Undergrad: 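Dropping the structure in here first, questions after.
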Amino acid sequence: MQVIAPFLFLALCATIAICSENDGLERVRDTLKQLEVGEKLPRSIYKDTIAKLSNEKFCQACHEVVKAIIKQRKMGSSKDSMNDFLRKMCNLYTEYGTTACKGYTEINLDVILYIIDNKHDLTPERVCAIFHQAKKCVDPKAKKWIIDIPPASHNENSDEQNEVPIYKIWNVLQITDVHYDPLYKENTQSVCNKPLCCQDGTPTKPEEAAGKWGDYHVCDSPPRLFSSLYERVKSKHLDSLDAVYFTGDIISHKSWSTSKASNIADIKGFYKALYDTFKGKGVFPILGNHEGHPVDCLSPESVTDSNLSTKWLFEEAWNAWSKWLPGGAEKTVKHAGYYSVLVKPGFRIIGINSNFCFVHNLWLFYEDEDPYGQLAWLVQELLKAEKNHEKVHILSHVPSGHELCHLQWSKNYRMIVERFNDTIGAQFNGHTHIDEIEVFYPEGAETAVNVAFNGGSLTPFIGNNPNYKMYQIKLSDATVQDYQTYTFNMTEANKDSSPEWYELYSFKQAYGLQDLSKKSLTEFVQKLNEDKTLQQKYFEFTIRNSDMLVNAGCDDKCMKTLTCKVTAVEAGDALDKCYENL
Ligand SMILES: *[C@@H]1O[C@H](CO)[C@@H](O)[C@H](O)[C@H]1NC(C)=O
Ligand SMILES: *[C@@H]1O[C@H](CO)[C@@H](O)[C@H](O)[C@H]1NC(C)=O
Ligand SMILES: *[C@@H]1O[C@H](CO)[C@@H](O)[C@H](O)[C@H]1NC(C)=O
Ligand SMILES: [Zn+2]
Ligand SMILES: [Zn+2]
């Protein structure tokens, strides 16, 4: 999950009871003028102005702010004065607070300046349409790039069906979005004016004291939560376990003070613990958007300056993953953090780096057309797999239907999955921290054609109970037979001082399905659309029955978005159909 990132803005109609939208846009314009001439500025205008703008006005405001940034630099502003300018903007137009704004600006400055200085056709429309695609900002010049996908050929080339050995059912553990916070401290302030709390400060109310095992407030995972998870899976599942899928996000949400060195230390530490816990088992990891420094940033292939390039991350990934992946994966992992490995005859795992689709990756302003040729590569891997009669699992951090997954990337990915629906047995996602499911059910198709399971999250960030999942996989066709989600009650654990992990539900049983075949998934989608009781159940499972979020509830609008997203597997579709107003 991602905190609303830099460049969101705010305004101040403090003296007027109700501000009209126009006043809001005017307010942004006024503050911009004040900024440019160096006048004393008001406090953050996020809550009372920016947050209230309609999408259209929001995009207009975004254009004007980005225009001012580009202009400032083009007029010859030095690195130091750009730092000052951007920090003031962050203070004014976001609600991150002064500490986080100072950090974010310093950390991201080199990337921002490189892009302005080197991307000669950079326009405010481009920046806003990418970064704020969820606000439906438009760039009339955006290129609608499409990857070449060869059609399925049914008759020719029907070589003998490969004999796939009969395997026993594979038991796979999925862990995702752990967001390890080494600075977490029990009893510090869980409510603070920074994008991540539970690290310092003395709480004024007892209910605002950081819990022992984690907290429903804006906090990540304390180290002892990891010990609890590892002990639990060791004692309960290790004997029957065949493999672990880790779907990304190791680093905490303290994105304003990351560094290469501290990210690397946390990444190494996490993988060492996985290795020690699951000795002898296969582990298949992928990168999350938080592994980068600056957060979300993955530089394009053409940027080779070692101070800006994110090559270090791919190298670090290979250092950690070579314990489990065959040598053949080295080249693509070091290239851009993705790989394809044949795990058993007839069964392949493809780990992709879908963080390239996450629109908070500032480098997308510089280059956004299939970064590193990853999707083109994916098509080739799937073609080979199809030809060899292999079945495939795809691990991908950001779900393709996520509202912040780059529109064109998402469209291409959806088309690839549809085309290779027979070859792909299932997909596994993370990132949203929600135990949710994406069903690929193309318009006009008789049944659903594919499915992506989201692993939820170990971190409670924000409001969830921690969880992990166990899947039973039929290796001969890579289909998921069933899965179970395990969690514990955070309120209870923090009261009684130890987590009581339990099985929250099994998918088949909870939704009364015979199996997870394409036919059954179709039945699931239909039931979910019609049955309000089932919707409530689905909602409670997504957040693992967390007291805080169950109590907050999911009203009609929230439920509509939640259930609509199940079949909105392309970002553009999700934005058009599932959100009334973002
Ligand atoms: C990279 O950063 C270091 C330290 O800030 C600096 O000394 C060096 O000149 C930079 N290298 C390039 C190629 O800009
Ligand atoms: C699913 O895969 C089959 C077999 O390759 C193909 O014929 C069919 O068109 C695919 N479905 C969609 C919706 O693309
Ligand atoms: C979690 O524990 C709290 C405290 O014991 C309890 O009040 C609450 O009902 C429990 N929640 C669930 C979903 O069981
Ligand atoms: Zn996450
Ligand atoms: Zn993420």
Side-chain angles (χ1 to χ4, degrees), residues 1-3 5 149-155 157-158 176-179 207 211 213 216 220 246-253 255 286-292 295-298 353-361 382-383 385-387 389 391-392 396-399 402 404-405 414-425 429-434 439-450 454-459 461 463-465 487-500 502 504-505 518 522 537 539-541 543-551 569-570:
M1 192 190 263
Q2 180 64 28
V3 228
I149 311 176
S153 53
H154 287 286
N155 21 23
N157 171 26
S158 62
T176 197
D177 293 79
V178 296
H179 293 284
E207 63 272 24
W213 298 97
Y216 288 141
D220 273 324
F246 172 66
T247 39
D249 274 358
I250 295 169
I251 310 300
S252 86
H253 287 83
S255 318
I286 52 173
L287 289 170
N289 53 305
H290 280 268
E291 272 74 289
V295 69
D296 304 330
C297 278
L298 291 174
N353 187 354
S354 58
N355 306 302
F356 282 112
C357 94
F358 194 49
V359 295
H360 290 172
N361 175 8
L382 288 167
L383 269 175
E386 179 181 64
K387 196 152 174 290
H389 307 288
K391 300 295 177 183
V392 173
S396 162
H397 182 63
V398 182
H402 193 271
L404 295 179
C405 178
R414 195 252 314 143
M415 295 194 308
I416 293 169
V417 170
E418 285 180 12
R419 160 64 182 84
F420 292 101
N421 67 83
D422 265 357
T423 299
I424 302 167
N429 299 146
H431 187 66
T432 64
H433 301 190
I434 295 296
V439 179
F440 287 66
Y441 191 175
E443 241 173 73
E446 261 168 49
T447 65
V449 300
N450 219 275
N454 200 303
S457 65
L458 180 68
T459 182
F461 192 98
N464 302 298
N465 280 333
T487 187
F488 68 85
N489 181 341
M490 182 67 83
T491 317
E492 186 79 32
N494 282 340
K495 216 169 59 178
D496 288 341
S497 75
S498 107
E500 296 276 340
Y502 67 97
L504 177 62
Y505 71 102
K518 292 173 178 180
T522 313
K537 209 175 191 179
F539 161 65
E540 288 173 5
F541 291 159
I543 54 173
R544 287 83 80 186
N545 250 343
S546 119
D547 280 342
M548 185 176 113
L549 296 181
V550 169
N551 289 340
V569 297
E570 185 184 324

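These numbers come from a predicted model, not from an experiment. Counting starts at 1 for both ligands and their atoms, following the listed order. Residues take their numbers from the sequence shown, with the count starting at 1.
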Undergrad: At a heavy-atom distance under 4.0 Å, which protein residues reach ligand 3? Sort them by chain and number, would you?
TA: Asn489, Thr491, Glu492, Lys495, Asn545, Asp547
Undergrad: Does Lys518 pair with Glu446 as a salt bridge, N-O distance under 4.0 Å?
TA: no
Undergrad: Can you sort out which atoms of ligand 2 are near Asn421, meaning under 4.0 Å from one of its heavy atoms?
TA: 1 (C), 2 (O), 3 (C), 8 (C), 10 (C), 11 (N), 12 (C), 14 (O)
Undergrad: Provide the atom name of the closest N, O or S atom of His431 relative to the Zn ion (ligand 5).
TA: ND1
Undergrad: So for Ala445, does at least one of its heavy atoms come nearer than 4.0 angstrom to any atom of ligand 2?
TA: no
Undergrad: Taking the side chain as C-beta and beyond, is there a heavy-atom pair between Asn289 and Asp249 under 4.5 Å?
TA: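 Touching, per the 4.5 Å side-chain cut-off.
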Undergrad: CZ of Arg544 to OH of Tyr505: how many Å apart, nearest 0.5 Å?
TA: 9.0 Å
Undergrad: So which of Thr176, Asn464, Asp220 actually passes side chain to side chain contact (heavy atoms under 4.5 Å, CB included) with Thr459?
TA: Asp220
Undergrad: When rounded to the nearest 0.5 angstrom, what distance separates CG in Leu458 from NE2 in His433?
TA: 10.0 Å
Undergrad: Any N/O/S atom, backbone or side chain, of Asn289 lying under 2.8 Å from the Zn ion (ligand 5)?
TA: yes
Undergrad: What is the distance from atom CG of Asn465 to atom CE of Met548, rounded to the nearest 0.5 Å?
TA: 10.5 Å
Undergrad: Is the distance from the Zn ion (ligand 5) to some N, O or S atom of Asp249 under 2.8 Å?
TA: yes
Undergrad: With His290, which of His360, His179, His431 fulfils ring-ring contact (aromatic ring centres under 6.0 Å, His included)?
TA: His179
Undergrad: For Glu418, is at least one N or O under 3.5 Å away from an N or O on ligand 2?
TA: yes
Undergrad: Please check if the distance between the ring centroids of Phe358 and His397 is under 6.0 Å.
TA: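 They do not qualify: ring centres at least 6.0 Å apart.
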Undergrad: From Asp296 CG over to Phe356 CZ, what is the distance, rounded to the nearest 0.5 angstrom?
TA: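 Reported to 0.5 Å precision, the distance equals 12.5 Å.
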Undergrad: Are the side chains of Asp547 and Asn489 in touch, meaning some heavy atoms are under 4.5 Å apart?
TA: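 SC-SC contact between Asp547 and Asn489 confirmed.
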Undergrad: Against heavy atoms of Asp422, which atoms of ligand 2 measure under 4.0 Å?
TA: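 Here the atoms of ligand 2 in question are 3 (C), 4 (C).
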Undergrad: Start with the C-alpha distance between Asn454 and Thr432, add both sets of side-chain angles, then the distance that settles side-chain hydrogen bond (donor to acceptor under 3.5 Å, both in side chains), and finish with yes or no.
TA: CA-CA 8 Å; Asn454 200 303; Thr432 64; 3.1 Å; yes
Undergrad: Within a distance under 4.0 Å of any heavy atom of Pro442, pick out the atoms of ligand 2 and give their elements.
TA: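 So the answer, numbered in order with elements, is 13 (C).
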Undergrad: Has His290 got an N/O/S atom less than 2.8 Å from the Zn ion (ligand 5)?
TA: no
Undergrad: Of all N, O or S atoms in His397, identify the one at the shortest distance from the Zn ion (ligand 5).
TA: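 Nearest N/O/S atom of His397: NE2.
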